[in-house]
Amino acid sequence: MIGYIRIFVCVTAVTFLAISNAYSAPALPHKVLTIEAPKGGGESKKTSPLQFELQETDNGLKLSVRFSGGKEKKANEFPDGQVGGDYMVFLDEIIVINEPYKGSSLNVSRDVPLTTLQNGKHSMRCELRAPSGEVFKSKINFIFDGSPAISVTEAVVDKFGILDPSVRIDFLGDDKGTSGFADIFLDERPYVSVPIKKEHAGKKIPLSQITGKPLSTATLVPGTHLLMLRMRGISGIATVSYSSFAVNTSPELKIIQDKNNIFQEVIATFIKPPEGYSGFVDVFYDQNVILSKQDKGTLISIKRAEIVEGLKKNNHGHLDASIPLVISLRAANGSENWLKIDFK
């Protein structure tokens, strides 16, 4: 029966450390709208026939315009015989709504366009022309925070070197199926930038479902690294979240012997990187490399016959006595595994 010896330099698992939410990432949910009280208190707007209000909704901001009262004219006093008026809504002095209305009263609600609305202080005012021709005005000063909200759960890099934490991103508004955009960085280096589909927003999903490909750590050197997620809404407002994680991997080396403890095979196991070679295996005798192998897969095997052939090619022959050989494994991320064996 063939026996074997497993040699580990370190555990192949990777632990994800110190997650989450270190910079500019609002909690879920966060306050989007803050109405500023008028300076000096002012008179109550409840006495005005024009009621203009701004409210926060699940997906943005909604304004409402209600009007009743004022002096009415008879229908025959209007050129077209139709009683009514019109109203305009200004956002930071730019007209965003300009609509007529029929009758002597008005009660409408409209979504506030968020495409160009940035974080900070803003003003919104309404000018309404009553059927009598009289003009009523109302103004709201408010503070807006349309930052996407990010929640990142703790994650563990699996044995294949994949880092795939669960994330949830909440955006305001919608733009024909695209809620926003995701920029992913590893150690401040761009990894991928992708649009975030509407169906991916507002729920916890694996990061790979957003990026469209797994995030491999196979080429990262052992140590502490940084994952940065920058989520941008359709207005360009961005939220950034940083997560630290530790990489502590080395290639695994397995020596297979027969029942008499005679060497038969070396099996080296690596974590596969997104591209390029996974690792290299060198066999040394007397400080000289007698055999070298490399592969883009996750496994490299060197059998007894290959070592015998390597010794012959380097004019060492196959000695009857045991000789010391050194096996060297080098992974794509720079980690190494060295082992001395007795070969005969």
Subject >> Single-linkage hydrophobic cluster, 4.5 Å side-chain cutoff, Leu63 and Leu106 together >> reply: yes
Original post:
Do Arg125 and Glu127 sit within salt-bridge range, that is, some charged N less than 4.0 Å from a carboxylate O?
Top reply: yes
Original post:
Thinking salt bridges, do Lys62 and Glu53 make one under a 4.0 Å N-O criterion?
Top reply: no
Original post:
Are side-chain heavy atoms of Val89 and Met124 found at a separation under 4.5 Å?
Top reply: yes
Original post:
Any donor-acceptor pair under 3.5 Å linking the side chain of Asp187 with the backbone of Leu226?
Top reply: yes
**OP:** Just do the side-chain contact (heavy atoms from CB on, under 4.5 Å) check on Tyr285 and Ile307 with the steps written out, would you?
**Re:** CA-CA 10 Å; Tyr285 174 62; Ile307 293 181; over 6 Å; no
**OP:** Looking only at non-hydrogen atoms, find the nearest pair between Tyr101 and Pro131 and report the distance.
**Re:** OH-CD, 3.4 Å
Original post:
So Phe136 and Phe67, would you call those rings parallel, tilted or perpendicular, with 30° and 60° as cut-offs?
Top reply: tilted
Subject >> Min side-chain heavy-atom separation Val65-Arg110 under 4.5 Å >> reply: no
Subject >> Non-hydrogen atoms of Leu229 and Ile150 that approach each other most closely >> reply: O-CD1, 4.1 Å
**OP:** Find out whether Phe171 and Ile234 are in side-chain contact, i.e. whether some heavy atom of one side chain is under 4.5 Å from a heavy atom of the other.
**Re:** no
**OP:** Establish whether Phe144 and Ile35 are linked, either directly or via other cluster members, by ILVMFWY side-chain heavy-atom contacts under 4.5 Å.
**Re:** yes
**OP:** For side-chain contact (heavy atoms from CB on, under 4.5 Å), just list the numbers for Leu186 and His225, CA-CA rounded to whole Å, side-chain angles, deciding distance to a tenth of an Å, and then say yes or no.
**Re:** CA-CA 8 Å; Leu186 278 178; His225 297 271; 6.0 Å; no
Subject >> Candidate pair Ile184 and Leu227, rule side-chain contact (heavy atoms from CB on, under 4.5 Å), full reasoning >> reply: CA-CA 7 Å; Ile184 315 299; Leu227 170 68; 3.8 Å; yes
Original post:
Any chance the side chains of Glu265 and Ser301 put a donor and an acceptor closer than 3.5 Å?
Top reply: yes
Original post:
Do Asn260 side-chain atoms and Ile262 backbone N/O form a donor-acceptor pair below 3.5 Å?
Top reply: no
**OP:** Return the minimal non-hydrogen interatomic distance between Leu117 and Leu91, and the atom names on each side.
**Re:** CD1-CD2, 4.1 Å
**OP:** Evaluate the side-chain proximity of Val283 to Val289: yes if any heavy-atom separation is below 4.5 Å, no if none is.
**Re:** no
Subject >> Sub-4.5 Å side-chain heavy-atom contact between Val240 and Met228 >> reply: yes
Subject >> Which atom of Val194 lies closest to which atom of Thr211, heavy atoms considered >> reply: CG1-O, 3.8 Å
Subject >> Single-linkage hydrophobic cluster Leu128~Met88, side-chain heavy atoms < 4.5 angstrom >> reply: no
Original post:
Which residues satisfy the side-chain contact (heavy atoms from CB on, under 4.5 Å) test with Lys203, sequence neighbours excluded?
Top reply: Ile205
Original post:
Are Ser123 and Asn141 linked by a side-chain donor-acceptor pair shorter than 3.5 Å?
Top reply: no
Original post:
With hydrophobic residues grouped by side-chain heavy-atom distances under 4.5 Å, do Leu220 and Val192 end up in a single group?
Top reply: yes
Original post:
Honestly curious: do Tyr277 and Leu253 fall in one hydrophobic cluster under the side-chain, below-4.5 Å linking rule?
Top reply: no
Subject >> Over all atoms of both residues, closest heavy-atom pair of Gly146 and Asn119 >> reply: N-OD1, 2.7 Å
Original post:
Between Gln51 and Ser48, is there a donor-acceptor pair closer than 3.5 Å when you use the side chain of the first and the backbone of the second?
Top reply: yes
Subject >> Which atom of Ser278 lies closest to which atom of Thr298, heavy atoms considered >> reply: OG-N, 4.4 Å
Original post:
Is the backbone of Glu275 close enough, under 3.5 Å, to the side chain of Lys296 for a donor and an acceptor to pair up by distance?
Top reply: no
Original post:
Any sub-3.5 Å donor-acceptor pair from Gln118's side-chain atoms to Gly236's backbone N or O?
Top reply: no
**OP:** Could you walk me through whether Val266 and Ile255 pass side-chain contact (heavy atoms from CB on, under 4.5 Å), step by step?
**Re:** CA-CA 5 Å; Val266 169; Ile255 306 298; 3.7 Å; yes
**OP:** Indicate yes or no: at least one non-hydrogen side-chain atom of Asn314 is less than 4.5 angstrom from one of Asn288.
**Re:** no
Subject >> Leu50 vs Tyr87 side-chain heavy atoms within contact, under 4.5 Å >> reply: no
Original post:
Do Ser250 and Asn337 meet the criterion of a side-chain donor-acceptor pair at a distance under 3.5 Å?
Top reply: no
Original post:
If only atom types and distance count, is the side chain of Ser64 paired as donor or acceptor with the main-chain N or O of Ser109 below 3.5 Å?
Top reply: no
Original post:
Are the side chains of Thr217 and Thr249 in touch, meaning some heavy atoms are under 4.5 Å apart?
Top reply: no
